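Here's the structure, in structure tokens; my notes come after.
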Amino acid sequence: MLVIHNSLTQRKEEFRPLEAGKVSIYVCGLTVYDYVHLGHARMLVAFDVIVRYLRARGFEVNYIRNITDVDDKILNRATENEEWYGDVTERFIAAMHEDERALAILPPDQEPRATEHIDEIVAMIEVLMDKDLAYRADNGDVYFSVMQYPDYGKLSKKKLDELLDGARVEVGELKRDPRDFALWKASPDDGVGWDSPWGYGRPGWHIECSAMSTCALGDNFDIHGGGSDLMFPHHENEIAQSEAATEKPFANMWMHNGPLRVDDEKMSKSLGNFFTVREVLQNYDAEVVRHLLIASHYRSPINYSEQSLKQSIKALERFYQCLKDLSLSDAKWLTNSRFEKAFFAAMDDDFNTPKAFGVLYDMVSEINRQKAANPDLANQLGRLMVKLGGILGLLQSSPSDFLQRGGSAELDVAKVEDLIAQRERARQDRDWHRADEIRAQLAAMKVVVEDAVGGSSWRIER
RNA sequence: GAGACCGUGGCAGAGAGGAAAUGCUGCAGCCUGCAAAGCUGUGAUGCGUCGGUUCGAAUCCGACCGGUCUCUCCA
């Protein structure tokens, strides 16, 4: 039985899809005005694992993740750069796709863009206007009237009257109520915008996701996900708009991934601990970063630090050291393995990746024990472990590649191989002094030699 | 101020009424020419503190202490 934590009820619930065997899931994607940062990566990887697992479990998944490609931040960036906003978004969408590929994040089934759904957005606002749940302000902005949706706050557990205290009242307020939020924002005639019944303008952020999710998945669908910081107001507003417009339940379950922190502090540009994915990947292997992002449960905060990266390096080295001397290609597929069952049981429990890792480490121990006792079984278990690792998007490299890649750029592999050959000869001559000398020489190059019965192998000291 | 969440061995991190997973680290042993890797053993009589419920609590309830997040466009 698959159990998922539902942010709406704040508890784990049995997952019952609307249609047996199928899952419809919408996740709030990025606003593309800059490079993907580690916080984004956390969200992308979290839902990538969730979708991979749902598929591995046999569900037919329809995974939608949008792109917000028109927004104040984008327009500001375009103005700063003195370029057309569409060039800004195209560039950062391309960069985002690059970073996703590096981190083994599979593309969603659809990646709708706000600018390609203006008609649906306008149509949804029209429905709200017709129902008198929204109103046009004098300047052409259109606002949603929060008071008319009594369930407002059901996701973030906020009370309507308490929200009034904290609501920011701006000078020259156009809203009838400070809690109301924009569905449509008027644009200057020479600015970016589209014609609408309320005048020239562009969509508000919240309505984009309501319109795109409904367009792709229907009024009512299984799962809506995103970062926990989007719960209020973004997701709250989505629920209000959608349920008010359709008079049907919106997403049945809400899933929120936890935040990423850096050295125990919130990641921010002002603190100087802000990392983009591409910066991090210059210094660390993408698989290591991915491991770090799923070594904690998706709802827990993750702390990104030098130390946590080191732990992920060690963890992956353990896996790949184990796989290194197996031959998997001709191994039979193990069926009904207790490890596979335990892995699925862990993931069935709200995608408990740390528990699932526990199972994989148990497999490593068992494989290492069986290498001598029952090599066939070791190979079979190894093959299964690679398959299970694949559900997490890990362990798909060849062991020697993982263990040997990521050294300094000037590492001369031919020289390493040559030194190892020389050392082999020295060892055959029982010239331990010479062998140790060569080993020290390799160590200076950040290369670790490991002697085994079949010959010596090497890996990078990370 | 309001709301939500969290506090588990040296570190990381599961467990959510009935033997405290797992990884790293430490120590001991085996293996090895020596290492590395691997294997075996060892490590919280205890799960922030104090009470309560229960035959039984890390798990439920209450208070307190400490920490984090959210509060109108941040994943």
Side-chain angles (χ1 to χ4, degrees), chain A residues 7 10 12 27-31 36-47 68 71-73 146 153 156-159 161-163 165-170 175 178-182 185 204-206 208 225-234 236-237 256-261 264-268 292 295-297 299-303 305 307-308 310-315 317-319 321-322 324-325 342 346 349 352-362 364-365 367-369 371-372 403 427 430-433 435-436 439 443 448-453 456-459 461:
Chain A
S7 303
Q10 292 171 293
K12 292 182 188 175
V27 173
C28 292
L30 309 192
T31 301
V36 177
H37 63 63
L38 279 177
H40 297 134
R42 202 262 157 105
M43 176 277 288
L44 294 167
V45 168
F47 285 99
T68 296
D71 162 279
D72 285 345
K73 288 192 292 292
V146 166
S156 53
K157 320 300 171 209
K158 292 180 187 301
K159 303 262 187 302
D161 51 337
E162 284 163 358
L163 281 168
D165 300 336
R168 181 203 299 164
V169 181
E170 281 158 29
K175 301 174 187 175
R179 293 165 292 195
D180 294 347
F181 55 88
K185 302 171 101 162
W205 179 39
H206 314 300
E208 292 173 11
S228 51
D229 51 347
L230 295 187
M231 205 184 277
F232 188 88
H234 184 55
E236 198 69 73
N237 291 354
H256 291 95
N257 62 274
L260 178 126
R261 297 166 60 76
D264 280 315
E265 286 188 295
K266 185 170 175 159
M267 183 171 81
S268 75
L292 167 63
S296 300
H297 186 87
R299 281 188 283 115
S300 303
I302 287 181
N303 190 38
S305 66
Q307 197 206 1
S308 50
K310 288 212 164 69
Q311 291 214 3
S312 286
I313 290 170
K314 298 291 283 184
E317 281 180 347
R318 180 156 164 83
F319 284 121
Q321 288 273 17
C322 169
K324 188 178 61 177
D325 21 60
D349 181 12
N352 195 329
T353 50
K355 210 197 247 180
F357 274 119
V359 175
L360 295 182
Y361 290 124
D362 286 342
V364 170
S365 300
I367 291 167
N368 284 332
R369 280 192 293 265
K371 276 175 183 170
L403 294 168
R427 290 182 68 224
R430 310 201 134 251
D431 183 354
W432 308 128
H433 180 73
D436 290 350
R439 185 162 63 194
V448 182
V449 208
E450 293 174 341
D451 302 331
V453 280
S456 300
S457 61
W458 63 276
R459 63 169 218 267
E461 169 91 68

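Residue numbers start from 1 in every chain, and the chains themselves are labelled A, B, ... in the order their sequence lines are given, proteins ahead of strands. Everything numeric here is computed off the predicted structure, so don't read it as measured data.
- Closest heavy-atom contact between A:Asp264 and A:Asn303: N-OD1, 2.7 Å.
- Whole-Å rounding puts the A:Gln321 CD to B:rA35 C1' distance at 14 Å.
- Comparing the same atom, P, in B:rA4 and in B:rU22 gives a spacing of 36 Å after rounding to whole Å.
- Listed by chain and number, the residues in a ring pair (Phe, Tyr, Trp, His ring centres under 6.0 Å) with A:Phe47 amount to none (sequence neighbours excluded).
- Residues A:Ala46 and A:Asn257 approach most closely at CB-CB, 4.2 Å, considering heavy atoms.
- With B:rG33, B:rA75, B:rU70 as the candidates, the nucleotide lying closest to the side chain of A:Lys266 is B:rU70.
- Nucleotides B:rC55 and B:rC6 are separated by 31 Å at their C1' atoms, to the nearest Å.
- Counting distance only, with no hydrogens placed and no angle test, the side-chain atoms of A:Arg42 and the base atoms of B:rA75 include no donor-acceptor pair under 3.5 Å.
- The pairing partner recorded for B:rC55 is B:rG18, the criterion being a Watson-Crick or G-U wobble arrangement whose two distances lie under 3.5 angstrom.
- For B:rG23 and B:rG13, the C1' atoms lie 8 Å apart once the distance is rounded to whole Å.
- Heavy atoms of A:Glu236 sit nowhere under 4.0 angstrom from any nucleic acid atom.
- Here A:Glu450 pairs with A:Lys324 in a salt bridge; the nearest charged N to carboxylate O distance falls below 4.0 Å.
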Practice prompt. Indicate for each nucleotide in nucleotides 11-27 of chain B, in 5' to 3' sequence, whether protein heavy atoms under 4.0 Å reach the base (B), only the sugar-phosphate (S), or nothing (-).
Written response: BSSSS-----BSBSS--
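- Here the side chain of A:Lys175 is nearest to one of B:rG38, B:rU72, B:rG33, namely B:rU72.
- Taking atom CE of A:Met267 as the reference point, atom P of B:rA75 lies 10 Å away to the nearest angstrom.
- For B:rG23, the paired base is B:rC11 (Watson-Crick or G-U wobble, both distances below 3.5 Å).
- Residue A:Arg427 places none of its side-chain N or O atoms closer than 4.0 Å to OP1 or OP2 of B:rU32.
- Atom C1' of B:rC5 sits at a distance of 23 Å from the matching atom of B:rG51, rounded to the whole Å.
- Straight-line distance from the CH2 atom of A:Trp458 to the C1' atom of B:rA35: 19 Å, rounded to whole Å.
- Listed nucleotides B:rA75, B:rU40, B:rA4 differ in distance to A:Arg369; the shortest reach to its side chain belongs to B:rU40.
- Separating the CH2 atom of A:Trp432 from the P atom of B:rG33 is a distance of 6 Å, rounded to the nearest angstrom.
- Counting any heavy atom pair closer than 4.0 Å across all strands shown, A:Gly39 reaches a base atom.
- Nucleotides B:rA75 and B:rG38 are separated by 40 Å at their P atoms, to the nearest Å.
- Applying the Watson-Crick and G-U wobble criteria (two distances, each under 3.5 Å), B:rU40 pairs with B:rA28.
- Comparing B:rG9 with B:rG15, their C1' atoms are spaced 15 Å from each other, to the whole Å.
- A side-chain donor-acceptor contact under 3.5 Å links A:Asp451 and A:Ser456.
- Listed pair A:Lys159 / B:rA4 fails the phosphate criterion, with no side-chain N or O lying under 4.0 Å from OP1 or OP2.
- Atom name P, nucleotides B:rU42 and B:rG3: the rounded distance is 49 Å, in whole Å.
- Using the Watson-Crick or G-U wobble rule with both distances under 3.5 Å, B:rC69 pairs with B:rG3.
- One distance of note links CD1 of A:Ile302 with CZ of A:Arg261; it measures 12.0 Å at 0.5 Å rounding.
- Scanning atom types as modelled, one donor and one acceptor separated by under 3.5 angstrom connect the side chain of A:Lys185 and the base of B:rC73.
- B:rC34 is unpaired under the Watson-Crick or G-U wobble criterion, no partner having all donor-acceptor distances under 3.5 Å.
- Between A:His37 atom NE2 and B:rA75 atom C1' the separation is 6 Å, expressed in whole Å.
- Put simply, CG on A:Asp436 is 12 Å from P on B:rG33, counting in whole angstrom units.
- In this structure, A:Pro259 and A:Lys158 both approach RNA chain B, and ranking their closest nucleotides by distance from the 5' end singles out A:Lys158.
- Note on ring orientation: taking the six-membered ring where Trp is involved, the planes of A:His206 and A:His234 are tilted (angle from 30° to 60°).
- Between the side chain of A:Asp229 and the base of B:rC69 there is no donor-acceptor pair of N/O atoms closer than 3.5 Å.
- Note that CZ of A:Arg179 is 13.5 Å distant from NZ of A:Lys158, once rounded to the nearest 0.5 Å.
- Of the nucleotides present, B:rA63 is the one that pairs with B:rU49 by Watson-Crick or G-U wobble criteria, both distances under 3.5 Å.
- Counting only heavy atoms from C-beta on, A:Leu260 has its side chain closest to B:rA75 among B:rU72, B:rG38, B:rA75.
- Residues passing the salt bridge (Lys or Arg N to Asp or Glu O under 4.0 Å) test with A:Lys314, sequence neighbours excluded: none.
- Using a 4.0 Å heavy-atom criterion, one finds that A:Leu44 contacts no nucleic acid atom at all.
- Listed nucleotides: B:rU68, B:rG33, B:rA36. Nearest to the side chain of A:Arg261: B:rU68.
- Annotation: side chain of A:Arg439 is not in contact with side chain of A:Val448 (no heavy-atom distance under 4.5 Å).
- Protein atom CZ of A:Phe319 is 16 Å distant from nucleotide atom C1' of B:rA37, rounded to whole Å.
- Atom-to-atom, CG of A:Asp71 to P of B:rC73 comes out at 11 Å; the value is rounded to the nearest Å.
- The gap from the P atom of B:rC11 to that of B:rU53 amounts to 34 Å, rounded to the nearest Å.
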